[in-house]
Amino acid sequence: MEGFIPLMFACVDTGMDQEELNEMFTEYADKPSVFDNKEALTTNWNPDEILHRDDQINELASILAPALKGEDPSNVFIYGSVGTGKTLIARHVTGELGSVAQNQEADLDVVYVNCKMKKVSDTEYRLLAELAREMGEEVPNTGLSTDEVYSRFFDALKGQESVVIVVLDEIDALVKKVGDDFLYNLTRINDDLDDTRVSILGISNDVSFTDYMDSRVESSLCEEEMIFPPYNALELSEILEHRTNEGLKNGILEDGVISKVSALTASEHGDARKALNLLRVAGELAERGNEQNIAADHVDRAQEEIERNKIVETIRGQPKQSRLVLYTILRMLEDDDTDQVATGEVYSRYEEICSEAGESCITQRRVSDLISELDMLGVIKAKVISKGAYGRTRQISVDHSSKIQRQLKNMVEDRFYLA
DNA sequence: AGTCCACAGGAAGGGCAGGCGA
DNA sequence: TCGCCTGCCCTTCCTGTGGACT
């Protein structure tokens with residue numbers, strides 16, 4: 001998609017007429033694809049067989065099984081790094097549980113919410129509203145008090161005579177943002193319900209996440225805990241093999257591609273999600289280049305493309321002042337031909353750039369927060385260091401290839417000055 | 001050991017936009 | 001229309017910090 005938009009504009013610039021455009025699309029449609037079922041190389045796909053997670057499936061299933069008899073299962077907490085199969089297993093097990101419950105006419109509801117979804121469930125209000133909506137209640141996006149939304153969710157639950165399993169994915173992100181009060185309320189909701197039993201299945205990418213929680217919340221939420229270990233290179237290879245058999249045409253993959261992808265991702269916390277993305281994008285690059293096979297070189301290019309897209313998407317969602325701060329950093333790194341800058345220097349240059357552009361300046365305190373945010377988003381790297389009598393500061397650097405760095409600067413410059 | 005610097009970062013709250021219910 | 005709510009971006013005020021310097 002990323003390469004597609006400039007192509008559309010190129011058509012306008014070069015005066016490509018409708019017929020040529022039509023021809024181009026027809027040619028594209030007729031071109032043989034390297035994919036058989038591209039969805040199999042995405043994280044949304046539910047594979048018929050889940051590899052290397054039998055123990056976790058069995059454990060989770062045995063914890064949730066009492067729901068079939070109308071008993072409320074223990075609250076469960078699942079930890080593990082990104083791409084270790086937590087969401088896949090949670091969805092798989094609750095999905096199967098739902099099917100069995102339907103066959104046996106048992107009353108069981110499963111509600112899934114990703115707590116990191118921007119504008120959907122990234123605040124207490126939004127999460128409760130989303131849960132209430134999932135239970136069939138109408139809740140506006142804003143305008144009500146949080147207490148009102150909570151009581152609407154509660155009313156929706158009261159209307160049921162069943163067990164409700166609430167799956168809260170990426171719960172660590174929300175707790176870090178708004179605190180754990182909402183979890184305290186949710187874990188105590190059963191005290192006020194007569195016929196409905198609510199069980200919470202929390203999923204977190206952060207193993208040390210419970211440090212942020214009140215001990216009372218922790219003890220009731222983490223009645224059962226499961227830790228998902230990262231996949232090793234061998235396991236990743238087998239998972240990729242399984243997915244590519246479904247997703248790619250036979251004989252498309254050159255030797256060594258799967259082992260390269262699995263070695264690359266195993267060294268970075270065994271992230272299966274990243275491994276699948278790498279393979280899919282490598283396939284897309286091969287297809288775009290009219291090539292018949294996916295080679296190791298496509299994997300390298302895919303890695304760069306994924307990194308660039310991730311950063312570009314992140315920057316798109318940032319407010320103007322954040323882009324301005326980032327632009328200041330990138331311009332300093334380029335102009336001063338250095339690989340790191342300090343907060344104080346960035347702020348001085350930021351003030352100059354603001355006055356050049358006729359923009360209003362924000363305070364150093366706020367700029368400091370924006371630098372932290374950009375660091376958290378992985379756009380820059382900021383490390384707090386002490387220079388003794390010369391104070392404390394953050395050393396800011398950008399850890400991308402110079403090509404990506406240049407593209408980034410141009411993009412921020414365009415978005416800042418032209419937007 | 002005490003001082004000092006240049007911030008980091010927590011806490012509290014202001015102002016505004018967007019939205020809802022009465 | 002008005003009062004109230006949340007979310008977001010921001011400011012102000014303040015305390016804390018780590019290592020070089022005295």
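Residue numbering restarts at 1 for every chain, and letters A, B, ... go by the order of the sequence lines.
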Exercise. Find the distance A/Asp375:CG to B/dA8:P and express it as a whole number of Å.
Key: 12 Å
Quiz prompt | Residues in contact with DNA chain C, drawn from residues 378-389 of chain A - heavy-atom cutoff 4.0 Å | solution = A/Ser386, A/Gly388, A/Ala389
Quiz item: Rounded to the nearest Å, what distance is computed from the CE atom of residue A/Met376 to the P atom of nucleotide B/dG9?
Solution: 12 Å
Quiz item: What nucleotide, of C/dT6, C/dT12, B/dA6, holds the atom closest to the side chain of A/Thr363?
Solution: C/dT12
Quiz prompt | Spacing of A/Glu359 atom CD relative to C/dC9 atom C1', expressed in whole Å | solution = 15 Å
Quiz item: The side chain of A/Ile362 lies closest to which of these nucleotides: C/dC10, C/dC8, C/dC21?
Solution: C/dC10
Quiz item: Where the side chain of A/Arg394 is defined as all heavy atoms beyond and including C-beta, which of C/dT12, B/dG9, B/dC7 is the nearest nucleotide?
Solution: B/dG9
Self-check item: Rounded distance in Å - CG (A/Leu144) to C1' (B/dG18)
Solution: 13 Å
Quiz item: side chain to side chain contact (heavy atoms under 4.5 Å, CB included) with A/Leu201: which of A/Asn75, A/Leu64, A/Ile63?
Solution: A/Leu64
Practice problem: Look at the side chain of A/Pro319 and decide which nucleotide, out of C/dC9, B/dA6, B/dC20, has an atom nearest to it. | Solution: C/dC9
Practice problem: Go through the steps for A/Tyr231 and A/Glu238 under the test side chain to side chain donor-acceptor pair (under 3.5 Å), then give the verdict. | Solution: CA-CA 10 Å; A/Tyr231 296 110; A/Glu238 286 176 23; over 6 Å; no
Quiz prompt | Under-4.0 Å side-chain N/O to phosphate OP1/OP2 contact, A/Thr123 with C/dG7 | solution = yes
Pairs of donor and acceptor atoms involving the side chains of residues 95-105 of chain A, under 3.5 Å and at least two apart or interchain, shall be tabulated with distances.
unit_1	atom_1	unit_2	atom_2	d
A/Ser99	OG	A/Gly95	O	3.0

Exercise. Using a strict 4.0 Å threshold on nitrogen-to-oxygen distance, state whether A/Arg308 and A/Glu305 make a salt bridge.
Key: yes
Quiz item: A/Thr146 side chain N/O closer than 4.0 Å to the phosphate oxygens (OP1, OP2) of C/dC5?
Solution: no
Quiz prompt | Short side-chain N/O contact from A/Arg365 to OP1 or OP2 of C/dT11, under 4.0 Å | solution = no
Practice problem: Determine, step by step, whether A/Ile353 and A/Arg349 satisfy the side-chain contact (heavy atoms from CB on, under 4.5 Å) criterion, reporting the C-alpha distance in whole Å, the side-chain angles of both residues, the deciding distance to 0.1 Å, and the verdict. | Solution: CA-CA 6 Å; A/Ile353 289 176; A/Arg349 187 72 76 88; 4.1 Å; yes
Quiz prompt | Those residues that, when tested against A/Arg188, pass salt bridge (charged side-chain N to carboxylate O under 4.0 Å, His left out) (two or more places apart) | solution = none
Self-check item: A/Glu130 bridged to A/Arg133 by N-O distance under 4.0 Å
Solution: yes
Quiz item: Just checking A/Gln364: base, sugar-phosphate only, or nothing, at a heavy-atom cut-off of under 4.0 Å?
Solution: sugar-phosphate
Quiz item: B/dC7 phosphate, OP1 or OP2: any side-chain N/O from A/Thr393 under 4.0 angstrom?
Solution: yes
Self-check item: Protein-nucleotide distance (A/Leu370, atom CG; C/dC9, atom P), rounded to Å
Solution: 9 Å
Quiz item: Can any side-chain N or O of A/Arg53 pair as donor or acceptor with the backbone N or O of A/Thr84 at less than 3.5 Å?
Solution: yes
Practice problem: Starting at atom CD of A/Glu148, determine the distance to atom P of B/dG21, rounded to an integer number of angstrom. | Solution: 9 Å
Quiz item: How many Å lie between CZ on A/Arg366 and P on C/dC9, as a whole number?
Solution: 7 Å
Quiz item: Among C/dC10, C/dT17, C/dT6, which is the nearest nucleotide to the side chain of A/Arg392?
Solution: C/dT17
Self-check item: Separation of atom CG in A/Asp369 from atom C1' in B/dA8, rounded to whole Å
Solution: 9 Å
